[in-house]
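Notes to accompany the following structure.
The chains referred to below are lettered A, B, ... by the order of the sequence lines, with proteins before strands, and numbering in each begins at 1.
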2 protein chains.
Amino acid sequence: MAEEAARRVPLSRDRVLRRAVGLADEAGIEAVSMRRLAQELGVVPMALYKHVAGKDELLDGMVDVVIGEFAPPDPGQDWQAALRQRLLSARAVVVRHRWARQAIESRRKRSLAVLGYMDAVAGTFLGGGFSADLTHHVMHALGNRIWGFSPELFDETGDPGAAPPPPEARAAMARELGERFPSILAIATATAGDDLSGVGGGCDEQFEYEFALDVLLDGFERLRRDGWSSRDRDQQGDR
Amino acid sequence: MAEEAARRVPLSRDRVLRRAVGLADEAGIEAVSMRRLAQELGVVPMALYKHVAGKDELLDGMVDVVIGEFAPPDPGQDWQAALRQRLLSARAVVVRHRWARQAIESRRKRSLAVLGYMDAVAGTFLGGGFSADLTHHVMHALGNRIWGFSPELFDETGDPGAAPPPPEARAAMARELGERFPSILAIATATAGDDLSGVGGGCDEQFEYEFALDVLLDGFERLRRDGWSSRDRDQQGDR
DNA sequence: GACAGTAGGTGTACGCTGTACACCTGTCAA
DNA sequence: TTGACAGGTGTACAGCGTACACCTACTGTC
């Protein structure tokens, strides 16, 4: 019978993590509570604690699952192409798991999987002729873009189920906004193609990600070529 | 008597927000609960709801208080100097309010104060000769650095009260780490001055912030000079 | 001066969270 | 056969945000 069949698939850390990831994919990260997750697995909440130490460790594990989906770049490319490929692969993964951004940002401790990934990224720079010193700083400069996402600058994650306001209402809102915030209006209309009714339409996140990435990678390459060293920092002045 | 004196200072949205900010400064953002905050104000939790709509609106207000402390740049500078000064001022503020990073990142809706600040930043670019189009993208590229902080790439926020492990233990940990993660070890030792015992010491966040900022600002200036436009994007190839 | 309206503080209650602790049960080794 | 133990259960607790009903003190109007 079904009950026995369910019994025959015992819980395991792996099964717990997989279901947690699936639940987050389906219902959002805020739906992932110990109780809800246990219910999904047909089990009492405390049963989970035999497989993960607690909620925090659960989230760590979920992040590790995500990182496990990152694909390494093809060999034989220069550092810039390799890094670009690696990060765009990471990006594809976090787009698939939209909750991952928040989960990654909330983690304080770096798991072995996280360290392994960072080691690979660092290795790409080092292998490309970057000094260890410069590698350190450029990785800081990449920041969360290492994980395949940019910070959300504008509010693009409004309730996806909500009906968008009609175009004329949008145009009115935009006009009102423009009186207070002319510069924001200027860039919003430029993005929307000079059409006031398209202002709230959100940005092309993929383009923004690649744009910023390329500005950074080009800047890094320039520093590498110039033999930049942090020991020069005093001679740089404060611009 | 004291009770009457307390009565004579009635609650107000301003007083609630100020105390919330103070509490977050002293005890961390996670200590700011409606119950705890009410207690600090000598009042019952539900009393707060007469002044802020809920926890979310409270956090919005706290972020607005922080933004209110950002200083505008001195006039008469070129765009790059003005922006640098503005962002470093923002940075000084969020260093003062260490919880602000998390609070800002958690907000979904942009308040008027937030929009006003973003408008000022955008205005600096526009005034510096950037097209509205390019301004949009460079602001995305700055991302959270607009708010004066970089993402935390390495784990620098370990329990500040915890005693650091002794140097020889650190060196042992570093050696073990190095076998698994040689590239990380390389950059860590470069940072710590080739001294294994200094590896876990954390980074100079201020330097990392300015480093990344300058890479970005220099890249932006180059794009501006070249007359970059997003319409060129197809001709750029995919590198 | 009487009275209604209201702004603002109170008390209770509900449903949700993570998880400590004691308990039971089925499986496997000796 | 027995005893250990891995793993699932049940109860309980402290904390959270907040809905709702209530009370109280002040304020403007007649």
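Rounded to whole Å, atom P of dA14(D) lies 21 Å from atom CE of Met34(A). To the nearest angstrom, C1' of dT10(C) lies 15 Å from OH of Tyr49(B).
Salt bridge annotation for Glu57(B)-Arg13(B): present, with a cationic side-chain nitrogen under 4.0 angstrom from a carboxylate oxygen.
Every residue two or more places apart in sequence or in another chain that forms a salt bridge (Lys or Arg N to Asp or Glu O under 4.0 Å) with Glu210(A) is listed here: Arg84(A).
Residues from residues 50-63 of chain A placing a heavy atom under 4.0 Å of any atom in DNA chain C, listed by number, are Gly54(A), Lys55(A). For the contact set between residues 36-46 of chain B and DNA chain D, defined by any heavy atom under 4.0 Å, the members are Met46(B).
Judged purely by atom type and a 3.5 angstrom limit, Lys50(B) has no side-chain atom pairing as donor or acceptor with the backbone of Leu11(B). Without hydrogens or angle criteria, Asp119(A) side chain to Ser183(B) main chain gives a donor-acceptor distance under 3.5 Å.
The only member of Lys109(B), Arg108(B), Arg107(B) that meets salt bridge (Lys or Arg N to Asp or Glu O under 4.0 Å) when paired with Asp56(B) is Arg107(B).
Between Trp99(B) and Met62(B) there is a side-chain heavy-atom pair separated by less than 4.5 Å. Side-chain contact between Tyr117(A) and Phe70(A) is present, with at least one heavy-atom pair separated by less than 4.5 Å.
If you check distances only, the side chain of Arg35(B) does reach the base of dG17(D) with a donor-acceptor pair under 3.5 Å.
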Inset, instruction - Before giving the answer on salt bridge (charged side-chain N to carboxylate O under 4.0 Å, His left out), spell out for Glu205(A) and Arg98(A) the whole-Å C-alpha distance, their side-chain angles and the decisive distance to 0.1 Å. - result: CA-CA 13 Å; Glu205(A) 269 206 78; Arg98(A) 296 206 324 286; over 6 Å; no
